[in-house]
Number of protein chains: 2
Amino acid sequence: MIIRIDELSDIPIYMQIRNQIVMGISDGSLAPGEQLPTVRALALEIGINTMTVSKSYQLLKTEGYIMTDRKNGARVRTTIEKQGSISESNKAELKRIVSEARLSGVPKKEIIGLVDGYYGA
Amino acid sequence: MIIRIDELSDIPIYMQIRNQIVMGISDGSLAPGEQLPTVRALALEIGINTMTVSKSYQLLKTEGYIMTDRKNGARVRTTIEKQGSISESNKAELKRIVSEARLSGVPKKEIIGLVDGYYGA
DNA sequence: TATCTGTATTAGATAGAGTAATACAAAAGA
DNA sequence: TCTTTTGTATTACTCTATCTAATACAGATA
């Protein structure tokens with residue numbers, strides 16, 4: 001899986017990495033149990049510091065998306081805990097996005113179409 | 001319209017103000033042409049610096065949501081330019097949110113239901 | 001033994017956010 | 001004319017988050 005960093009984005013690098021891995025797990029680019037690149041390999045590939053990647057992995061570990069240990073490196077968890085609900089902050093973000101889209105004249109159907117595509121089958 | 005600031009949020013105050021005004025315009029809490037509180041009044045009410053509110057208004061003005069002048073203060077624009085499309089950053093955010101919701105076991109219908117509610121009639 | 005893994009530590013640089021104290025131009029009202 | 005109110009500009013300062021850098025460590029592997 002290829003991680004791409006947007007230097008101009010105001011989203012922190014460690015967060016961009018985290019987000020892309022989460023989305024990769026969701027859309028199947030990263031299979032359950034699949035091994036992630038080592039912190040050093042990914043840091044070298046992207047051209048950033050090792051600790052920045054480590055921070056991403058720690059976050060993903062805390063959130064229950066991956067497992068890390070000194071033996072196997074980092075891997076996607078085979079079973080991810082399902083909260084069953086959307087976080088309040090994500091609801092607020094969703095509302096903001098929908099509001100902006102609506103004011104921009106984007107039809108409701110178009111937004112729902114995007115959600116449908118991102119969610120998948 | 002009441003602006004509420006979450007001190008614990010990692011979203012900057014000026015951005016929280018901006019977001020709530022945008023959402024207020026979208027859901028009708030703020031009518032076209034309606035006058036917004038003055039920067040000093042809002043700053044006093046929230047308990048923050050005047051320039052922070054001014055920064056929010058400048059951003060909203062740049063984005064075409066409101067108009068400001070020394071005569072009338074700040075007002076919601078009567079006609080907001082419609083881009084007709086969703087920004088790339090909002091698409092990325094939407095994908096992240098949908099991915100997280102999906103991995104949390106949230107049904108697609110539930111997300112669409114939220115979008116439907118936020119968008120309104 | 002040498003090499004790989006994630007991680008901890010300490011330090012420093014940089015940028016963004018927010019505050020504070022003033023000040024200004026323009027318009028409105030007394 | 002004088003005062004008030006409007007948004008805004010300026011300058012300086014503090015605080016925090018992010019990222020980098022250079023090491024080092026424990027544990028596992030070949």
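The chains referred to below are lettered A, B, ... by the order of the sequence lines, with proteins before strands, and numbering in each begins at 1. All values derive from a computational prediction rather than experimental measurement.
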Without decimals, in angstroms, what is the distance between [X] [atom1] and [N] [atom2]?
| X | N | atom1 | atom2 | result |
| --- | --- | --- | --- | --- |
| Arg40(B) | dT4(D) | CZ | P | 13 Å |
| Lys71(A) | dA28(D) | NZ | P | 7 Å |
| Arg75(B) | dT6(D) | CZ | C1' | 12 Å |
| Ile48(A) | dC19(D) | CD1 | C1' | 9 Å |

Does [X], at its [atom1] atom, have more than 12 non-hydrogen atoms belonging to other residues, nucleotides or ligands within less than 6.0 Å?
| X | atom1 | value |
| --- | --- | --- |
| Gln35(A) | CD | yes |
| Gln83(B) | CD | no |
| Glu63(B) | CD | yes |

* Respond yes when some side-chain nitrogen or oxygen of Thr68(B) is under 4.0 Å from OP1 or OP2 of dT6(D), and no when none is. => no
* Asked: Mind checking whether Ile48(A) and Ile17(A) have side chains closer than 4.5 Å, heavy atoms only?
  ->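 Result yes, sub-4.5 Å side-chain heavy-atom pair found.
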Which atom of [X] lies closest to which atom of [Y], heavy atoms considered:
| X | Y | value |
| --- | --- | --- |
| Ala74(B) | Ile66(B) | CB-CD1, 4.3 Å |
| Ile21(A) | Tyr57(A) | CD1-CE1, 3.9 Å |
| Gly64(A) | Arg77(A) | O-CD, 3.0 Å |

* **Any residue of residues 31-39 of chain A with a heavy atom less than 4.0 Å from an atom of DNA chain C** =>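 DNA chain C contact set from residues 31-39 of chain A: Thr38(A), Val39(A).
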* Proximity to DNA chain D (any heavy atom under 4.0 Å), residues of residues 1-21 of chain B only ->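 Hits under 4.0 Å, by residue number: none.
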* Looking at DNA chain D, which of residues 55-66 of chain A put a heavy atom within less than 4.0 Å of it? -> Lys55(A)
* To do: Would you grab the first and last nucleotide of DNA chain C (5' to 3') that comes under 4.0 Å of any non-hydrogen atom in chain B?
  =>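 It runs dA17(C) to dA28(C).
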Looking at [atom1] of [X] and [atom2] of [Y], how far apart are the two atoms once the value is rounded to the nearest 0.5 Å?
| X | Y | atom1 | atom2 | result |
| --- | --- | --- | --- | --- |
| Ile11(A) | Gln16(A) | CD1 | CD | 6.0 Å |
| Leu94(A) | Ile97(B) | CG | CD1 | 5.5 Å |
| Glu45(B) | Thr38(B) | CD | OG1 | 10.0 Å |

* **For Met1(B), all residues meeting side-chain contact (heavy atoms from CB on, under 4.5 Å), sequence neighbours excluded** => Ile3(B), Gln20(B), Leu30(B)
* Asked: salt bridge (charged side-chain N to carboxylate O under 4.0 Å, His left out) with Glu7(B): which residues, sequence neighbours excluded?
  -> none
* Asked: Under 4.0 Å between a Lys/Arg side-chain N and an Asp/Glu carboxylate O for Glu100(B) and Lys82(A)?
  ->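 So Glu100(B) does not pair with Lys82(A) through a salt bridge.
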